[in-house]
Amino acid sequence: MNIKINRETFLKPLSSVTSIVERRHTLPILSNLLLEAKDNQIVLTATDLEMQISLSVNTDIGGSLSTTISAKKLLDICRSLPDNAEINMTTSESRVQVKAGKSRFNLQTLPAADYPVMTKAQTATSTLIKIGQSSLKRLFKQVEFAMAQQDIRYYLNGLLFEVSGNQLNIVGTDGHRLSFTSTELNQSYEKQEIILPRKTVIELIKLLDESDEEVSIEITSGQVNFSFGDIKLISKVIDGKFPDYTRVIPTGHQNNFTIDRTSILLSMQRASILSNEKYRGIRMVLGTNSLRLVSTNSEQEEAEEELEVSYTGDSLDIGFNVTYMIDVLNNVDNEQVIFSFADANSSCLVTVPQDNNYKYVVMPMRI
């Protein structure tokens with residue numbers, strides 16, 4: 001059995017599937033990739049039992065093959081070969097030989113039959129949604145930074161993916177801030193919601209292209225399947241109840257101002273240098289046509305930034321975690337942003353002009 005493939009053709013799909021392979025596993029076979037070759041196509045599959053990515057690549061194949069091989073070693077070998085090297089893979093019993101030019105590597109394999117392949121859940125009901133790759137990628141990037149990382153409230157370590165009528169709503173929150181984004185779908189659906197695990201979201205952001213090619217998303221019970229281009233991704237969903245985000249997003253915040261995103265971002269970054277390392281607090285002091293950003297730390301050091309804003313509302317002095325503000329300013333791509341407030345004890349709402357589909361809420365902190 002012999003496979004010939006160009007290094008460049010092989011390297012990108014190999015990196016894409018290998019990124020979900022965990023370094024240390026109780027099951028040795030989970031460090032391996034499933035490699036299946038037939039009909040001039042190689043299919044690479046990796047899983048961590050919660051999620052699985054499969055990618056197909058067209059190439060010259062003599063015969064058919066099904067085996068598993070160390071993901072990291074195969075990737076390291078391909079990376080280390082010269083550009084445009086021609087890779088030859090031949091199999092014999094429990095080994096795969098990888099040859100390129102004058103380099104030879106003999107790798108051990110484990111039987112493909114033992115590989116724990118995740119299969120599509122067969123359920124009576126499933127919802128199928130289609131959306132452009134670049135749109136989905138943009139939506140994920142607008143909210144993923146607000147997800148919790150290792151919260152004991154496990155349902156926060158993911159994104160709410162909600163289909164309601166012809167709207168797709170995606171929400172991330174860690175309990176201190178919440179990011180909401182929405183888009184219109186080209187057909188209407190019954191209301192359905194799932195929680196996508198953090199790792200799945202991060203992999204999808206890496207894998208999705210900046211193209212208008214469609215992604216098919218199939219939601220079944222306990223599982224969601226994404227297929228686009230040559231990629232198929234199956235993921236379990238988080239079993240839990242996501243908080244009611246509609247109660248968190250404020251309406252009627254009267255005090256607001258619009259500002260150039262880059263200028264307030266740079267001011268926040270400078271002010272954050274002298275904020276308390278643990279709490280990362282910053283005061284936003286609003287007066288007529290002026291915004292002051294003030295931070296202090298335990299060494300009694302202080303930073304102050306002053307910005308001109310078109311503002312005639314109430315005078316306010318509110319504390320926030322500056323990292324949460326910098327995150328949103330880094331992740332929206334509009335030139336202008338709108339900050340809205342109610343009073344000194346209420347949340348701050350960040351939105352963008354001419355777009356009702358994006359909302360970011362930050363809870364205040366005492367400083």
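At a threshold of 4.5 Å between non-hydrogen side-chain atoms, the residues Asn58 and Asn40 do not count as touching. Inter-residue side-chain proximity for Asp76 and Phe105 is flagged as unmet; no heavy-atom pair is nearer than 4.5 Å. Considering only heavy atoms from C-beta on, Glu36 stays 4.5 Å or farther from Lys38 through its side chain. Inter-residue side-chain proximity for Ile326 and Leu265 is flagged as met; some heavy-atom pair is nearer than 4.5 Å. Using a 4.5 Å heavy-atom cutoff, the side chains of Ser70 and Leu107 are not in contact. At a threshold of 4.5 Å between non-hydrogen side-chain atoms, the residues Thr67 and Val96 count as touching. With contacts defined as side-chain heavy-atom distances shorter than 4.5 Å, the pair Leu30/Thr47 qualifies.
With hydrogens and angles disregarded, no donor-acceptor distance shorter than 3.5 Å links the side chain of Ser347 to the backbone of Val362. Formation of a donor-acceptor pair under 3.5 Å by the Glu301 side chain with backbone atoms of Leu274 is not found in this model. Judged by distance alone, the side chain of Asn276 and the main-chain N or O of Asn297 form no donor-acceptor pair under 3.5 Å.
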(request) Please assess Ile318 against Cys348 for the test side-chain contact (heavy atoms from CB on, under 4.5 Å), listing each intermediate value before the final yes or no. (result) CA-CA 9 Å; Ile318 319 183; Cys348 166; over 6 Å; no

(request) Show your working on side-chain contact (heavy atoms from CB on, under 4.5 Å) between Asn84 and Glu8 and close with a plain yes or no. (result) CA-CA 6 Å; Asn84 285 316; Glu8 274 37 53; 3.7 Å; yes

(message) Lys12 vs Val57, test: side-chain contact (heavy atoms from CB on, under 4.5 Å). Steps then yes/no.
(response) CA-CA 10 Å; Lys12 187 169 182 274; Val57 194; over 6 Å; no

(message) Please determine whether ring pair (Phe, Tyr, Trp, His ring centres under 6.0 Å) holds for the pair Tyr360 and Phe145, giving the CA-CA distance in whole Å, both sets of side-chain angles, and the decisive distance to 0.1 Å.
(response) CA-CA 11 Å; Tyr360 182 72; Phe145 60 89; 5.6 Å; yes

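Side-chain atoms of Glu203 and Ser19 form a donor-acceptor pair, as typed in the model, at a separation below 3.5 Å. Judged purely by distance below 3.5 Å, without hydrogens or angles, the side chains of Asn2 and Thr90 never pair a donor atom with an acceptor atom.
Under the 30°/60° scheme for interplanar angles, the aromatic rings of Phe257 and Tyr311 are found to stand perpendicular. Aromatic ring orientation, Phe320 versus Phe341: tilted (interplanar angle from 30° to 60°).
The line from OG1 of Thr183 to CD1 of Ile131 is 5.5 Å long, rounded to the nearest 0.5 Å. The CD1 atom of Ile264 sits 8.0 Å away from the CE atom of Met325 when rounded to the nearest 0.5 Å. Going from atom OG of Ser16 over to atom CG of Leu55 covers 5.5 Å, rounded to the nearest 0.5 Å. Rounding to the nearest 0.5 angstrom, the gap separating the CD1 atom in Ile194 from the CG atom in Leu160 is 8.5 Å. Interatomic distance, CD1 of Ile367 versus CE of Met284, reported as 11.0 Å (0.5 Å rounding). Atom CZ of Arg153 is separated from atom CG of Asp174 by 8.0 Å, given to the nearest 0.5 angstrom.
The hydrophobic clustering, which links ILVMFWY residues whose side-chain heavy atoms are closer than 4.5 Å, places Tyr245 and Leu159 apart. Transitive grouping of hydrophobic side chains (ILVMFWY, heavy atoms separated by less than 4.5 Å) brings Phe180 and Tyr155 into a common cluster. Hydrophobic clustering (side-chain heavy atoms under 4.5 Å, transitive across Ile, Leu, Val, Met, Phe, Trp, Tyr) keeps Val21 apart from Ile234. By the rule that hydrophobic residues join a cluster once side-chain heavy atoms approach within less than 4.5 Å of another member, Ile69 and Ile20 end up as members of one cluster. Criterion: ILVMFWY side-chain heavy atoms under 4.5 Å apart, direct or through other members. Under it, Leu349 and Ile282 are not part of a common hydrophobic cluster.
Shown here for Lys232 and Ser227, the closest heavy-atom pair between the two residues is CG-CB, 4.0 Å. Nearest approach of Ala344 to Asp317, heavy atoms of both residues: CB-O, 4.0 Å. Closest non-hydrogen pair, Val322 versus Ser275, comes out as CG1-OG, 4.2 Å. Residues Ala342 and Leu316 approach most closely at O-CD2, 4.5 Å, considering heavy atoms. In plain terms, the two heavy atoms of Ser182 and Gln167 that are nearest each other are OG-NE2, 2.6 Å.
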Solution key, residues 212-222 side-chain donor-acceptor pairs under 3.5 Å, sequence neighbours excluded:
{"unit_1": "Glu218", "atom_1": "OE1", "unit_2": "Lys120", "atom_2": "NZ", "d": "3.0"}
{"unit_1": "Glu218", "atom_1": "OE2", "unit_2": "Ser126", "atom_2": "OG", "d": "3.2"}
{"unit_1": "Thr220", "atom_1": "OG1", "unit_2": "Gln223", "atom_2": "O", "d": "3.4"}

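With sequence neighbours left out, the ring pair (Phe, Tyr, Trp, His ring centres under 6.0 Å) criterion links Phe10 to no other residue.
For the pair Arg292 and Glu304, the salt-bridge criterion is met [side-chain N within less than 4.0 Å of a carboxylate O]. Taking 4.0 Å as the cut-off between side-chain N and carboxylate O, Asp333 and Lys141 do not count as a salt-bridged pair. Using a cutoff of 4.0 Å between basic side-chain nitrogens and carboxylate oxygens, Lys199 and Glu50 are not scored as salt-bridged. We find that Lys241 and Glu193 are joined by a salt bridge, their nearest charged nitrogen and carboxylate oxygen being less than 4.0 Å apart.
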